[in-house]
**Q** 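My questions will all concern the structure given below.
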Amino acid sequence: MLQTIVSTIVQGSLLALITIGMSLVYGTLRVLNMAQGVMVMVGAVAAYMTVDTLGVSPWVSIIAAVLVTALLGMLSYGVGISRLIGRAGVDFEMTAFISTFAIASIVQNIVQLINGPRQKDFPVLLDGRITLTAGVSITWHQILTAVIAIAALGLLGLFLTKSRYGLAIVAVAQNLDAARLMGIPARRAYVLTMGLAAGLAGLAGVLLAPVYFVSPTMGDLPLLQALIVAIFAGLGSTKGTIIAAYIIGFVQAAVSIFWTSTYALPVLYALIVVVLIVRPYGIAGKPQEARL
């Protein structure tokens, strides 16, 4: 049970960090961002290239990863989403969904051309491990991963509730027309939201790089897990995302430890089916926001 609790905290924190950006984007733009997994990969690649090329500490590479992915997120909004907003005769949600999927494919192939298809090692941020009890241990990197992820989520919460730009994002997500009438620049909030979501994914990429290795496909599994969390929580619900991330982290850890990791994803899919039958809009979503 102790190992399950530890794994739940680590996995749940990472899942929340990756998925919270997807929930922010959907809540603000009503776009299911399929490029979130690629942003995880780009963050890891940016950190790897910074360490490999400049020879700096992996800690410094975190800054490079967040900056690169945040800028790429803003660019993806300008290229793939902004031109679709308000166009007559266009199903915005579906077209933007396809557009983000196309952006993800393009970026993934560009990274493969530049960095190659092979997996590359990335050093842990903190070496060593601590023994909690007989047969149960945790690495310092896992502890650091949970601490950084929880701290990032806390700072994001403060930003959204205390800062001028954060409140603008919340206002646009709650009621776009009312926000515009109050003089809030919606498109600026869209750009900032895409940058925030991508930056959080890039941070998660650095934390995952020593575990998954750095490769062009390392963002595929995080994207799949983020989709499960987002649907389970209810698309657009940030609080629900955090709750769902830890629930799914617990289920994944419990199945892997008490049964086998082979059935971790199938059990999650079965859980999602049950939840969607009972609550089609997720555990914390609203019916008008999360109909799939």
Side-chain angles (χ1 to χ4, degrees), residues 17-47 49-50 63-115 156 159-160 163-177 179-180 182-205 216 219 222-223 226-227 230 235-236 238:
L17 187 63
I18 298 168
T19 314
I20 198 76
M22 184 177 286
S23 296
L24 275 176
V25 170
Y26 187 86
T28 308
L29 282 89
R30 295 301 186 271
V31 173
L32 188 58
N33 184 15
M34 296 300 290
Q36 192 74 354
V38 161
M39 296 303 170
V40 174
M41 179 270 293
V42 170
V45 170
M49 294 183 72
T50 303
I63 300 173
V66 172
L67 288 177
V68 168
T69 49
L71 290 173
L72 184 59
M74 294 178 185
L75 180 63
S76 65
Y77 166 79
V79 172
I81 297 176
S82 65
R83 299 178 185 274
L84 301 173
I85 297 175
R87 292 187 64 174
V90 173
D91 184 347
F92 173 71
E93 287 192 29
M94 181 56 68
T95 308
F97 168 81
I98 296 171
S99 178
T100 58
F101 188 82
I103 290 170
S105 298
I106 292 169
V107 171
Q108 191 175 43
N109 280 278
I110 290 174
V111 169
Q112 183 166 325
L113 287 172
I114 295 173
N115 207 41
L156 177 65
F159 173 77
L160 292 176
S163 71
R164 183 182 181 88
Y165 289 106
L167 290 171
I169 292 174
V170 174
V172 170
Q174 288 179 349
N175 193 316
L176 176 59
D177 294 331
R180 283 175 170 167
M182 296 302 293
I184 294 174
R187 289 184 179 267
R188 193 177 299 174
Y190 294 157
V191 174
L192 184 57
T193 301
M194 289 291 290
L196 270 175
L200 291 171
L203 175 60
L223 174 63
L227 284 171
L235 293 172
T238 51

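Given the structure is predicted, the values throughout are model-derived calculations rather than measurements.
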**Q** Treating Arg83 as the side-chain partner and Gly80 as the backbone partner, does any N or O pair qualify as donor plus acceptor under 3.5 Å?
**A**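 Between the backbone of Gly80 and the side chain of Arg83 there is no qualifying donor-acceptor contact (under 3.5 Å).
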
**Q** Nearest 0.5 Å, please: how far is CG in Leu29 from CD in Glu93?
**A**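 The CD atom of Glu93 sits 10.5 Å away from the CG atom of Leu29.
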
**Q** When rounded to the nearest 0.5 angstrom, what distance separates CD1 in Ile103 from CD1 in Ile98?
**A**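 Here the rounded value is 12.5 Å.
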
**Q** Look only at the side chain of Thr28 and the backbone of Val25, and say whether a donor-acceptor pair between them is shorter than 3.5 Å.
**A**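 No.
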
**Q** Would you compute the distance between atom CG of Leu71 and atom CG of Leu67 and round it to the nearest 0.5 angstrom?
**A**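 Interatomic distance, Leu71 CG to Leu67 CG, rounded to 0.5 Å: 6.5 Å.
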
**Q** May I ask you to test the Leu196-Ile169 pair for a side-chain heavy-atom distance under 4.5 Å?
**A**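 Yes. Closest side-chain heavy atoms under 4.5 Å.
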
**Q** Do Leu200 and Met39 have side chains that get closer than 4.5 Å, going by heavy atoms?
**A**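 Heavy-atom side-chain distance check fails, nothing below 4.5 Å.
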
**Q** Quick check: are there more than 12 heavy atoms from other residues, nucleotides or ligands sitting under 6.0 Å from CE of Met49?
**A**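 Atom CE in Met49 is not crowded, with 12 or fewer foreign heavy atoms closer than 6.0 Å.
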
**Q** Taking only residues two or more places apart in sequence or in another chain, which ones pass side-chain contact (heavy atoms from CB on, under 4.5 Å) with Ile184?
**A**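 side-chain contact (heavy atoms from CB on, under 4.5 Å) list for Ile184, sorted by chain: Ala168, Ala171, Val172, Ala179.
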
**Q** Looking at Phe101, I want to see if its CZ is surrounded by more than 12 non-hydrogen atoms of other residues, nucleotides or ligands under 6.0 Å.
**A**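 For Phe101, atom CZ is not crowded (no more than 12 foreign heavy atoms under 6.0 Å).
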
**Q** Nearest heavy-atom pair of Ala197 and Gln36: which atoms, and what distance?
**A**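 Looking at all heavy atoms of both residues, the closest pair is O-NE2, 3.2 Å.
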
**Q** Any side-chain to backbone donor/acceptor pair from Gln108 onto Val38? Under 3.5 Å, distance only.
**A**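 Judged by distance alone, no pair lies under 3.5 Å.
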
**Q** Working to the nearest 0.5 angstrom, can you tell me the gap between Asp91 CG and Leu84 CG?
**A**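 Reported value, rounded in 0.5 Å steps: 10.5 Å.
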
**Q** Identify the heavy atoms of Thr69 and Ala198 that sit nearest to each other, and give their distance.
**A**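 Where Thr69 meets Ala198 most closely, the heavy atoms are O-CB, 3.0 Å.
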
**Q** Which pair of non-hydrogen atoms, one from Ala44 and one from Gly205, has the smallest distance, and what is that distance?
**A**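 So the minimum-distance heavy-atom pair works out to CB-O, 3.5 Å.
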
**Q** Quick check for you: to the nearest 0.5 Å, what is the distance between Phe159 atom CZ and Leu192 atom CG?
**A**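 It comes to 4.5 Å.
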
**Q** To check you understand the geometry: which heavy-atom pair defines the closest contact between Ala35 and Ala104, and what is its length?
**A**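 Shortest heavy-atom separation between Ala35 and Ala104 comes out as CA-CB, 3.9 Å.
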
**Q** Are Leu223 and Met22 side-chain neighbours, meaning at least one heavy-atom pair lies under 4.5 Å?
**A**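 Yes, at least one pair of side-chain atoms sits under 4.5 Å.
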
**Q** Could you pull out the closest heavy-atom pair between Ser76 and Gly73, with the gap in Å?
**A**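 What the structure gives for the nearest pair is OG-O, 2.6 Å.
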
**Q** Among all residues two or more places apart in sequence or in another chain, which pass the side chain to side chain donor-acceptor pair (under 3.5 Å) test with Thr19?
**A**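 For Thr19 there are no side chain to side chain donor-acceptor pair (under 3.5 Å) partners, ignoring immediate neighbours.
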
**Q** Which value, rounded to the nearest 0.5 Å, describes the distance between Arg180 atom CZ and Met182 atom CE?
**A**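 CE of Met182 is found 15.0 Å from CZ of Arg180.
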
**Q** Arg187: what forms a side-chain contact (heavy atoms from CB on, under 4.5 Å) with it, not counting sequence neighbours?
**A**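 Arg187 satisfies side-chain contact (heavy atoms from CB on, under 4.5 Å) with Tyr77, Ser82, Ile85, Tyr190 only.
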
**Q** So, the side chain of Thr95 versus the backbone of Phe92: is there a donor-acceptor pair under 3.5 Å, distance only?
**A**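 Not a single qualifying donor-acceptor pair exists.
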
**Q** Can you tell if the side chain of Leu24 reaches within under 4.5 Å of the side chain of Leu160, non-hydrogen atoms only?
**A**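 Heavy-atom side-chain distance check passes, below 4.5 Å.
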
**Q** Testing the basics here: between Ala46 and Ala64, what is the closest heavy-atom pair and its distance to 0.1 Å?
**A**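 Distance-wise, the nearest heavy atoms are CB-O, 4.5 Å.
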
**Q** Check whether any side-chain N or O of Ser99 sits under 3.5 Å from a backbone N or O of Ile81 as a donor-acceptor pair, and report yes or no.
**A**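 No.
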
